[in-house]
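Both backbone and side-chain heavy atoms feed into the values below; hydrogens, waters and symmetry mates do not.
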Amino acid sequence: MRSPTGTLQPSNSFPHRRGLTSGYLMKLIRESLRMTQFQLSELLDVDVATIQGWETGRRPVTSMRVADLAYLRAKLIHRGANPKLFEVLRDAVDADLVLDYAIKRGSAKVDGTGHPLAAVVHRRDLTNLITWPLTGSLPSQLAGLVDIDATRRGPSSRHPELGADERQRLFSHLLKIADERRRADDALLRRQAIYLLAFDSEPTTAGWLVDEHRAALNRARSRNDVPAWVAVRSASVALARYGFQEPLIDFVATGLSDDEQAIANLNYWAYWVGEASDTYTDDSFMAANDPRHAAGTRLFRHLVDRLDNASEQAELYIHTLWQLLLARPNVAAGDPSARMAAQRKIQMLDTAGLTASARQKVSDVTYGLRLS
């Protein structure tokens with residue numbers, strides 16, 4: 001059990017891996033070339049211990065000079081490595097920064113200034129890499145680029161793994177800042193910490209999230225503005241991962257009930273899936289932009305892929321797809337294959353467990369797809 005105050009002693013010398021995710025990705029890049037660690041060391045003119053250090057995260061790839069890292073990239077692409085893997089590697093380095101910062105500090109008191117979770121609003125690709133060691137799920141941007149089983153022999157890990165102590169320090173840190181950083185200028189830091197707390201398995205964390213949701217809902221009902229409802233959304237989505245559906249269903253019914261909240265919801269989703277090209281340093285973009293400025297094609301496909309009533313966020317996905325078709329009625333016509341996929345998914349959808357509102361939206365979406 002863990003409390004927000006925590007019992008872990010702060011230590012900047014805690015022996016954790018500072019390049020866990022990027023190191024594992026380096027391993028996948030090497031394996032994609034069918035090379036051994038020794039062969040790669042010869043190609044790059046480094047010792048085998050250096051390769052082993054990278055791949056285990058004990059020696060961060062970022063400890064290399066920029067010129068050496070560029071040389072490594074050029075050498076491996078020349079040997080046949082997919083250049084897109086190095087785009088993912090860039091995000092993996094950022095993911096390691098978040099993990100390293102949190103694990104190093106544990107439950108120590110920290111200033112929100114300079115925290116990597118407070119730098120920019122995260123997109124799905126980065127978040128998938130941060131949570132890779134927690135879920136074991138291959139990040140979607142790596143699908144088709146690597147084959148985990150291609151060269152794997154014996155008992156070898158299929159994803160980057162955090163040790164028990166590393167996990168404990170990570171979540172102790174996230175819980176501490178989520179509990180203590182409550183100023184308005186810490187909103188992004190706190191929101192993104194709460195999102196990551198959903199991947200903890202501690203009952204204490206679930207209990208904290210229940211209390212957080214209750215408090216956030218009371219604030220939102222009294223203020224009724226976008227930032228307040230964004231806080232409710234964060235706690236609701238986190239609780240849905242624990243199997244508590246009611247908070248998210250209530251958020252969809254009340255927190256997304258007017259035009260301002262609808263715009264904020266679509267703006268966030270468009271940014272999350274990479275539809276919006278700008279990078280934001282706070283959440284104000286949700287209310288500032290008109291969702292009609294985004295094409296919506298990538299978001300449409302993202303939501304269609306998630307049309308599954310077994311998903312913990314099924315009601316939110318259905319509502320957002322319904323909103324997207326209202327805001328961009330021609331989005332399905334511009335992507336016939338995604339439209340056909342949506343029609344198949346809806347036919348297979350078991351709506352018995354959905355709310356009456358969600359069932360009506362499924363019907364509206366079905367009708368909209370026929371007209372497109």
If we ignore angles and hydrogens, is there a donor and acceptor under 3.5 Å between the side chains of S337 and D335?
-> yes
Single-linkage hydrophobic cluster Y71~L89, side-chain heavy atoms < 4.5 angstrom = no
What are the two closest heavy atoms between L25 and A92, and how far apart are they?
-> CD2-CB, 4.2 Å
H302-R124 side chain donor-acceptor pair, cut-off 3.5 Å | yes
Residue pair R30 / E55, side-chain heavy-atom distance below 4.5 Å = yes
If you look at every heavy atom in D100 and R18, which pair is closest and at what distance?
-> OD1-CG, 3.4 Å
State whether D364 and K361 are salt-bridged, where the test is any N-O pair (Lys NZ or Arg NE/NH1/NH2 against Asp/Glu carboxylate O) under 4.0 Å.
-> no
Taking C-beta and beyond as the side chain, do D96 and T62 meet within less than 4.5 Å on heavy atoms?
-> no
Would E212 and R182 pass as an ion pair if we require N to O under 4.0 Å?
-> yes
Can you check whether Q39's main-chain N or O pairs, donor with acceptor, with T36's side chain at less than 3.5 Å?
-> yes
In short, L217 meets W229 closest at the heavy-atom pair CD1-CZ3, 3.7 Å
Do L142 and I77 belong to the same hydrophobic cluster, where Ile, Leu, Val, Met, Phe, Trp and Tyr are linked whenever their side-chain heavy atoms lie under 4.5 Å apart, directly or via other members?
-> yes
NZ/NE/NH1/NH2 to OD/OE distance under 4.0 Å, R123 and D125 | no
Look only at the side chain of R298 and the backbone of G274, and say whether a donor-acceptor pair between them is shorter than 3.5 Å.
-> yes
Below 4.5 Å, heavy atoms only, C-beta onward: do L188 and T281 meet side chain to side chain?
-> no
Return the minimal non-hydrogen interatomic distance between G53 and T56, and the atom names on each side.
-> O-OG1, 3.3 Å
How about R306: does its CZ atom have over 12 heavy atoms from other parts shown lying under 6.0 Å from it?
-> yes
Measure the shortest side-chain to side-chain distance between D94 and D91 over non-hydrogen atoms and say whether it is less than 4.5 angstrom.
-> yes
Evaluate the side-chain proximity of H122 to V120: yes if any heavy-atom separation is below 4.5 Å, no if none is.
-> yes
Pair W269 and Y317, ring centroids less than 6.0 Å apart = yes
Could you pull out the closest heavy-atom pair between Y242 and A198, with the gap in Å?
-> CE1-O, 3.9 Å
Treat each ILVMFWY residue as a node, draw an edge where side-chain heavy atoms are under 4.5 Å apart, and state whether V93 and I103 are in one component.
-> no
Give a yes or no answer on whether the side chain of S311 reaches the backbone of D308 with a donor-acceptor pair at less than 3.5 Å.
-> no
For the residue pair N265 and T320, confirm or rule out a side-chain donor-acceptor distance under 3.5 Å.
-> yes
Should L69 and W54 be regarded as members of a common hydrophobic cluster, given that ILVMFWY residues are connected when their side-chain heavy atoms come within less than 4.5 Å of each other, either directly or indirectly?
-> yes
Side-chain contact test, heavy atoms from C-beta onward, threshold under 4.5 Å: evaluate it for R190 versus L117 and give yes or no.
-> no
Could you label the plane-to-plane angle of the Y280 and F285 rings as parallel, tilted or perpendicular, counting under 30° as parallel and over 60° as perpendicular?
-> parallel
Results of ring-ring contact (aromatic ring centres under 6.0 Å, His included) for H319 - residues two or more places apart only | W322
Where the side chain of D250 meets the backbone of E246, is there a donor-acceptor pair that is under 3.5 Å apart?
-> no
Is there a donor-acceptor pair under 3.5 Å between the side chain of K176 and the backbone N or O of A108?
-> no
For E275 and G296, indicate whether the former's side chain and the latter's backbone hold a donor-acceptor pair under 3.5 Å.
-> yes
Side-chain contact, heavy-atom cut-off 4.5 Å: L76 with L85?
-> no
Check: E312 main-chain N/O paired with Q245 side-chain donor or acceptor under 3.5 Å = yes
Look at the side chain of Y268 and the backbone N and O of M286, then say whether any donor-acceptor pair between them is shorter than 3.5 Å.
-> no
Note: L354 and A314 closest approach over all heavy atoms is CD2-CB, 4.4 Å
According to a 4.5 Å side-chain heavy-atom criterion applied to Ile, Leu, Val, Met, Phe, Trp and Tyr, with indirect links allowed, do M64 and L40 form part of one hydrophobic cluster?
-> yes
Under 3.5 Å donor-acceptor, E315 side chain and V252 backbone = no
Is there a side-chain contact between L72 and F86 (heavy atoms, below 4.5 Å)?
-> yes
